Every structure is written in structure tokens, then in C-alpha cells.
Q: 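Before I ask anything, let me first share the structure, which is written out below as C-alpha cells.
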Amino acid sequence: MKDLMIRGADIVVRTLIEENAEIIFGYPGGAIMPVYDALYDYHDQIKHVLTRHEQGAIHAAQGYARVSGKVGVCLATSGPGATNLITGLADALIDSTPLVCITGQVAAHLLGTDAFQETDVVGMSMPCTKWNIQVRNVEEIAPAIAKAFFIARSGRPGPVLIDITKNAQTDFGEFNYVPCLGFRSYQTKIEVNKNDIQKAAELIDSAERPYVLFGQGVVLGKAETEFKAFLDKTGIPAASTLLGSGALPQDHPNYVGKLGMHGNYAPNMLTNQCDVLIAVGMRFDDRVTGDVKRYAKQAKIIHLELDPAEINKTVKCHHSVLGNCKDSLALLTDAVTAKSHPVWMERFREFEREENAAVVQHDITPTKVGLTMGEVIHQVNQYKADDAVLVTDVGQHQMIAWRYFNYKKSRTQVTSGGLGTMGFALPAALGAQMFDFSRQVVCVVGDGGIQMTIQELGTIMQTKAPVKIILLNNNYLGMVRQWQQMFFDKRYSFTELDNPEFVKIAEAYGIKSQKVSDRSDLNEAIEDMLIHDGPYFLEVVVEKEDNVFPMIATGCSVEEVRLS
């Protein structure tokens with residue numbers, strides 16, 4: 001597409017429109033001001049959301065990307081604006097979230113002079129981006145943005161950063177947009193090897209106690225249908241990682257729970273009793289494996305994975321199948337023999353009943369006077385829609401919400417997995433809601449994390465995004481306190497919080513609010529929140545020293561999972 005000579009700033013905006021970007025999350029400043037000036041003329045073609053902090057902008061873009069399956073876009077100025085994106089870039093890289101982040105930069109002739117608000121954001125962001133580039137000339141803008149979108153969304157998704165000098169934004173050039181469809185040395189499509197499929201099928205058919213672990217790769221590969229078909233035919237029990245939640249409905253007969261440090265009892269215990277372990281679109285994170293030296297040593301491990309770098313990185317597999325799991329699962333389903341494993345499946349159900357008696361009943365039907373985090377999430381399930389999106393921050397509430405939220409649809413789990421970023425939830429929930437105002441977006445936060453990005457209540461106020469915020473308030477940095485209780489002789493070193501009146505803060509932003517501390521008020525409060533037409537802030541005061549179990553302590557084997 002060719003046009004008359006226009007400013008580089010207009011080329012930025014018009015290229016974003018050509019890439020079908022719907023929403024930009026950002027914060028203006030001197031070095032990016034020409035782009036913001038250009039946005040003024042395109043407000044009917046692309047929406048901009050003014051966050052209250054650049055970290056809020058990138059987390060909002062992540063939330064949008066995770067729910068929509070599209071590329072999230074954010075804008076920031078140079079210097080502190082650009083450096084405020086670094087946490088979000090690192091978060092997006094480890095969780096494979098596609099982002100295009102555009103930062104302004106000082107004029108090219110000032111580079112290297114320590115000019116006002118000059119920072120080397122390209123150097124800083126290199127370790128936490130899939131690709132980055134500095135654009136110094138107007139002619140480079142459109143090709144760089146087109147390439148950025150291609151890289152962000154293709155293969156294993158991830159964040160990309162484009163740093164554009166101010167002179168490139170203000171100079172005039174010809175708008176010549178050409179979509180990027182590929183380039184040398186970057187392989188985005190891996191053809192699945194049929195011999196690898198046959199070897200994997202033979203291993204699976206020979207198994208007496210096969211076991212499937214599935215991760216976010218199923219969601220990113222849009223392989224939910226193929227994955228379900230594979231399980232339906234093979235009858236193999238399947239457990240999810242944190243980010244894999246929702247790829248398989250929890251009421252599926254083969255679903256046996258959640259993996260990892262605070263996952264379910266059966267999936268962890270039986271990892272070291274299966275004879276064939278099939279990992280689909282997951283990377284054997286340390287929170288899943290525990291002590292890797294004692295992880296599934298008895299099993300033949302098959303790894304279905306798109307990224308070759310993940311094969312044998314942490315856990316040595318006996319056989320790997322490279323490629324998008326949408327393709328490999330379809331081929332594998334055709335190749336395997338239809339079976340069922342009732343005796344093996346019953347082993348999972350036995351451990352499930354044990355966990356239910358020892359942990360679940362305590363969490364959702366407690367005998368304590370104070371409210372528990374588990375019963376709050378359990379009550380949310382009674383009123384939420386099937387396609388409700390759960391967005392969580394990081395800590396005890398994150399693990400409890402993950403354990404008890406009833407996932408029925410794909411792309412309904414949004415959380416900071418690999419990086420564990422406190423402050424993630426509130427802006428990410430905003431971004432998720434901006435994609436679709438008709439969806440229920442439930443944001444579960446702790447009293448520690450919310451105070452890291454609480455200013456984004458202002459963005460929710462301004463956009464009127466109907467986010468439902470549940471603050472589980474225990475006046476502690478709860479997860480750290482739990483570790484201090486269990487492993488540091490209850491030496492609660494700087495984890496107790498003196499908190500503000502959160503409801504008054506939310507009300508100051510014009511958000512309908514309520515505080516609940518009595519069990520008799522909980523159900524009605526949750527129902528009122530979910531039916532309210534607009535944003536809602538519900539603070540629930542919960543037990544101060546309640547812990548999250550099951551738990552695998554650091555350095556322990558998965559079969560050393562504790563119920564108390």
C-alpha cells in the first residue's frame with residue numbers, strides 16, 4: 001500500500017491499523033508525543049486506553065492478548081516510560097504472550113549523549129524480548145512494525161519492542177506497508193515427522209499406566225479440540241499446568257486435576273508411578289517437577305513441543321515430537337489404539353478423595369469463624385458464567401483461586417505464571433475486559449499485590465470497564481508468611497501489612513464497593529457483584545494465617561507433596 005509523503009508518526013499509526021490492532025494501551029510523554037498527536041486523527045479507527053502507569057499499560061496489553069488470542073499493543077515514552085515496561089516484557093516472554101511494544105526515543109543525533117530521558121531500552125530489553133530493534137529513519141518504521149507483529153504472533157509467541165527515535169517520528173516519508181510473511185533464518189512452521197508420531201504411538205499403546213500433562217501450548221496452538229479427541233480415544237488421565245487451565249473442561253472424565261507446588265494431590269503423587277508420561281505443550285517448570293533428579297524416573301517420557309529449545313532442557317525425554325500440537329495431536333490420535341484405563345484412573349480418584357477429606361472440605365466448608373479464601377472462590381462458581389475469565393495476581397489467593405475456580409472454557413485463565421509478578425492482576429483484568437465488555441472478568445487480588453498497581457482503578461473508572469474485583473484481605477503478604485511459618489519458625493519478618501480502607505479508595509474512583517467479613521453476607525455480596533452493570537470492588541476479610549495445601553516444598557520430590 002503506497003501513499004503520499006506523511007509523518008513517521010502517522011506511519012506508525014497507519015501500520016498498526018493495517019495490522020488490525022484494535023486497542024493500544026499506553027501513556028504519553030515527550031519522545032512519543034508525535035505518535036500521540038497522530039492518534040488524534042485516527043481515534044475512529046483505533047482505540048487508545050490511557051493507563052495510569054506504563055507497567056499498567058503492558059500488563060493490560062498482556063490481559064488483552066491472553067483472552068483474545070491477538071497481539072497486545074502498548075506505547076510508552078523514552079527513559080522511565082520505557083524502563084517501566086521491562087517487568088511486563090519479562091513476564092510476557094516467559095509466559096509466551098504476543099506483544100508489540102513501541103517506545104519513543106530521543107532524536108538520533110542525541111543518542112549516546114545522556115540526553116534528557118535517554119536510556120538504552122534496546123540493550124535493557126534484549127534478554128526479555130523475542131526480538132527488538134531501534135528505528136532511526138522514517139523509511140524503517142513500517143517494515144519494522146510489520147516484522148514485529150509477525151514475530152510476536154508466529155511460532156512460540158512472545159513480546160517484541162520497537163524503539164523509534166523522535167526524528168523518525170517527525171520526518172516525512174512514503175507510507176509503503178507490506179505485511180511480513182517470513183524472513184530468512186526464522187522458522188515458524190515445523191512439519192511433524194510421521195516417524196516420530198509412530199514411535200510415540202507405539203510407546204503409548206504399550207503403556208499400562210499412561211499419564212498426560214498439558215500446558216498452555218494447547219491453548220496457544222488452538223489445539224483444544226484435537227487434545228480432547230486424543231483423550232477421548234486413549235482414555236488417559238490428564239492434568240494441567242497453571243497456564244494450561246481451561247484447555248480441557250474440568251468436567252471432562254479424563255481430567256484429574258492440577259500439577260505443581262500447590263496443585264492437586266493425585267496428579268503430583270502419581271507422576272512417579274506412571275509408566276509413560278506424555279507432556280503436551282508444557283516446559284517442565286520447576287514448580288511442576290519439584291526435585292528434577294527424582295522426577296518420573298520410572299517413566300518413558302514423550303514430549304510434544306513447538307519450541308526445540310524446550311526439549312531436554314529440564315527433563316530428559318525418551319522421545320520428542322516437534323511441531324504445533326494441533327498437528328501432532330491429530331496425527332497421534334489417528335495412530336494410537338483406542339483404550340480405557342479404569343484401574344489406573346481409579347488410583348487418581350482414590351487420592352482425590354483423600355485430598356477432598358483432608359484439604360478441600362476445610363477450604364470450602366470451613367469450621368473456622370473467619371472466612372477462607374477457598375469458600376469465596378467456591379461461591380463465585382455458583383454465580384459466574386461458563387465463559388467467565390479469572391484474572392489473578394500472585395500469592396496465596398492466586399493458588400487458591402486456581403485450585404477452586406471451575407474452568408469450562410479455553411482462554412479463561414489469566415495470571416502471571418513464570419515470572420510471578422505482583423501487581424499483574426488489576427491492569428491485566430482491565431485489558432481482558434477491554435476485549436469484550438460482555439464477558440464476566442473476575443479479578444482476584446491480595447492486599448499486597450493490589451497496592452502495586454492500585455492506581456489502575458483510575459483507568460477502570462475512565463473506561464467504565466465492568467471488571468469485578470475481589471480483594472482477599474488477610475493483612476499479610478500471605479505466601480511469604482506461609483513459608484515463614486513453615487520453614488522459618490514463624491519469624492514473620494516484614495510480611496504483616498497495615499492496610500488502608502480499600503473500599504474508600506475504590507469509592508473515590510467512583511466504583512461501587514462493599515466490604516464483607518461475615519459468612520452470612522458472602523453469597524449475597526458475590527451475587528450482587530456479578531449482576532452489577534459496571535465495575536465492582538468487593539473486599540473480603542479472610543483468615544489471617546490460613547495456608548494453601550497441598551504443597552511441595554522447595555527441593556522435595558513431587559511424591560513428597562504435603563496435605564498439611
Side-chain angles (χ1 to χ4, degrees), residues 94-95 209 211-216 237-245 255-274 277 279 282-299 301 313-316 347-363 372-374 377 392 394-405 413 415-420 446 477-490 495 545-564:
I94 199 166
D95 283 353
R209 300 181 307 281
Y211 183 22
V212 172
L213 315 181
F214 65 96
Q216 189 186 201
S240 73
T241 66
L242 175 64
L243 297 186
S245 300
Y255 181 77
V256 294
K258 301 172 176 69
L259 298 161
M261 179 174 283
H262 290 291
N264 294 116
Y265 195 47
N268 285 308
M269 288 292 291
L270 293 176
T271 296
N272 282 4
Q273 295 183 32
C274 66
L277 188 92
M282 53 87 74
R283 58 186 180 84
F284 291 108
D285 179 78
D286 62 289
R287 289 296 173 104
V288 167
T289 65
D291 180 6
V292 73
K293 294 178 181 177
R294 293 182 283 166
Y295 183 79
K297 291 302 179 183
Q298 80 295 338
I301 297 175
K313 184 180 81 173
T314 303
V315 172
K316 185 171 178 57
R347 296 279 298 279
F348 285 89
R349 302 310 177 199
E350 289 170 2
F351 279 116
E352 186 178 293
R353 289 190 286 270
E354 188 175 345
E355 179 185 346
N356 186 64
V359 178
V360 176
Q361 292 309 307
H362 158 81
D363 285 347
T372 67
M373 294 177 283
I377 306 304
T392 56
V394 173
Q396 284 184 316
H397 70 276
Q398 176 193 33
M399 294 293 97
I400 286 288
W402 174 50
R403 282 178 51 78
Y404 293 112
F405 192 82
Q413 160 75 325
T415 196
S416 174
L419 195 64
L477 299 175
M479 188 62 83
V480 182
R481 184 213 55 77
Q482 178 171 336
W483 279 67
Q484 289 174 337
Q485 176 185 339
M486 296 176 67
F487 307 113
F488 293 88
D489 299 321
K490 290 190 175 182
T495 47
E545 296 186 64
D546 214 12
N547 290 330
V548 185
F549 290 103
M551 179 179 180
I552 304 169
T554 300
C556 290
S557 165
V558 287
E559 61 188 353
E560 294 175 308
V561 56
R562 298 169 53 170
L563 291 175
S564 62

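Note: hydrogens, waters and symmetry copies are ignored here, and every other heavy atom, side chains too, is used. Keep in mind it's a predicted model, so treat the numbers as computed, not measured.
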Q: Using a strict cut-off of less than 4.0 Å between a Lys/Arg side-chain nitrogen and an Asp/Glu carboxylate oxygen, indicate whether Glu545 and Lys490 qualify as a salt bridge.
A: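 No, Glu545 and Lys490 are not salt-bridged.
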Q: Under 6.0 Å from the CZ atom of Phe488, do we count more than 12 heavy atoms belonging to anything else shown?
A: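 Incorrect, the count does not exceed 12.
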Q: Would you say Asn268's side chain and Gly260's backbone share a donor-acceptor pair under 3.5 angstrom?
A: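 Between the backbone of Gly260 and the side chain of Asn268 there is a qualifying donor-acceptor contact (under 3.5 Å).
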Q: Asp285 versus Thr241: any side-chain heavy-atom pair under 4.5 Å?
A: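 They are not in contact (no side-chain heavy atoms under 4.5 Å apart), so the answer is no.
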Q: Please tell me if the side chains of Leu242 and Gln216 come closer than 4.5 Å, counting only heavy atoms from C-beta onward.
A: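 Side chain of Leu242 against side chain of Gln216, heavy atoms only: no contact under 4.5 Å found.
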Q: Do Met479 and His262 have side chains that get closer than 4.5 Å, going by heavy atoms?
A: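 Yes, close enough: below the 4.5 Å cut-off.
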Q: For the residue pair Ala358 and Leu563, what are the closest heavy atoms and their distance?
A: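 Minimum heavy-atom separation between Ala358 and Leu563: CB-CD1, 4.0 Å.
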Q: So among Glu352, Lys258, Glu355, which one has a side chain to side chain donor-acceptor pair (under 3.5 Å) with Asn264?
A: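 The single option meeting the side chain to side chain donor-acceptor pair (under 3.5 Å) with Asn264 is Glu355.
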Q: Between Arg562 and Met486, does a side-chain contact (heavy atoms from CB on, under 4.5 Å) hold up when you go through it step by step?
A: CA-CA 12 Å; Arg562 298 169 53 170; Met486 296 176 67; 3.5 Å; yes
Q: Using 0.5 Å steps for rounding, measure from the CD1 atom of Ile400 to the OG1 atom of Thr372.
A: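 Answer rounded to 0.5 Å: 7.5 Å.
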Q: Please test Trp402 against Ser245 for side chain to side chain donor-acceptor pair (under 3.5 Å), starting from the C-alpha separation and ending with a verdict.
A: CA-CA 8 Å; Trp402 174 50; Ser245 300; 2.7 Å; yes
Q: Find out whether Asp291 and Glu560 are in side-chain contact, i.e. whether some heavy atom of one side chain is under 4.5 Å from a heavy atom of the other.
A: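 Sidechains of Glu560 and Asp291: no contact.
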Q: Please round to the nearest 0.5 Å and tell me the distance separating atom CG of Leu259 and atom CZ of Arg287.
A: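 Going from CG on Leu259 over to CZ on Arg287, the span is 14.0 Å.
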Q: Look only at the side chain of Gln396 and the backbone of Leu477, and say whether a donor-acceptor pair between them is shorter than 3.5 Å.
A: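 No; zero donor-acceptor contacts below 3.5 Å.
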Q: Quick check for you: to the nearest 0.5 Å, what is the distance between Phe284 atom CZ and Ile301 atom CD1?
A: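 Phe284 CZ to Ile301 CD1: 5.0 Å, rounded to 0.5 Å.
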Q: Please report the C-alpha distance between Val360 and Arg403 in whole Å, then the side-chain angles of each, then the deciding distance to 0.1 Å, and finally whether the side-chain contact (heavy atoms from CB on, under 4.5 Å) criterion is met.
A: CA-CA 10 Å; Val360 176; Arg403 282 178 51 78; 4.1 Å; yes
Q: Would you please name every residue forming a salt bridge (charged side-chain N to carboxylate O under 4.0 Å, His left out) with Asp286, sequence neighbours left out?
A: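 Salt bridge (charged side-chain N to carboxylate O under 4.0 Å, His left out) list for Asp286, sorted by chain: empty.
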Q: Do any N or O atoms from the side chain of Gln398 and from the backbone of Ser416 form a donor-acceptor pair under 3.5 angstrom?
A: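 Indeed, once roles are kept as given, a pair shorter than 3.5 Å links the two residues.
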Q: Should the heavy atoms of other residues, nucleotides or ligands under 6.0 Å from NZ of Lys313 be counted, would the total exceed 12?
A: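 Count over threshold, so yes.
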Q: Looking at every non-hydrogen atom in both residues, tell me the closest pair between Leu270 and Phe351 and how far apart they are.
A: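 Answer, listing the atom of Leu270 first, then Phe351: CD2-CE1, 3.6 Å.
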Q: Could you tell me which residues satisfy ring-ring contact (aromatic ring centres under 6.0 Å, His included) with Phe348, sequence neighbours excluded, listed by chain and number?
A: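 Listed in chain order: Tyr211, Trp344.
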Q: side-chain contact (heavy atoms from CB on, under 4.5 Å), that's the test. Do Arg349 and Val256 meet it? Break it down for me.
A: CA-CA 8 Å; Arg349 302 310 177 199; Val256 294; 4.1 Å; yes
Q: Locate the shortest heavy-atom distance separating Ala239 from Pro267; write the atom from each residue and the value.
A: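 Of all heavy-atom pairs spanning Ala239 and Pro267, the closest is CB-CB, 3.8 Å.
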Q: On a heavy-atom basis, which atom in Thr289 and which in Val315 lie closest, and how many Å separate them?
A: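 Shortest heavy-atom separation between Thr289 and Val315 comes out as CG2-CG2, 4.1 Å.
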Q: Cut-off 3.5 Å, no hydrogens considered: what does the side-chain donor-acceptor table look like for residues 546-559, sequence neighbours left out?
A:
| from | atom 1 | to | atom 2 | distance (Å) |
| --- | --- | --- | --- | --- |
| Asp546 | OD1 | His362 | NE2 | 3.2 |
| Asn547 | OD1 | Arg481 | NH2 | 2.5 |
| Asn547 | ND2 | Gln485 | OE1 | 3.3 |
| Ser557 | OG | Asn272 | ND2 | 3.4 |
| Ser557 | OG | Glu559 | N | 3.3 |

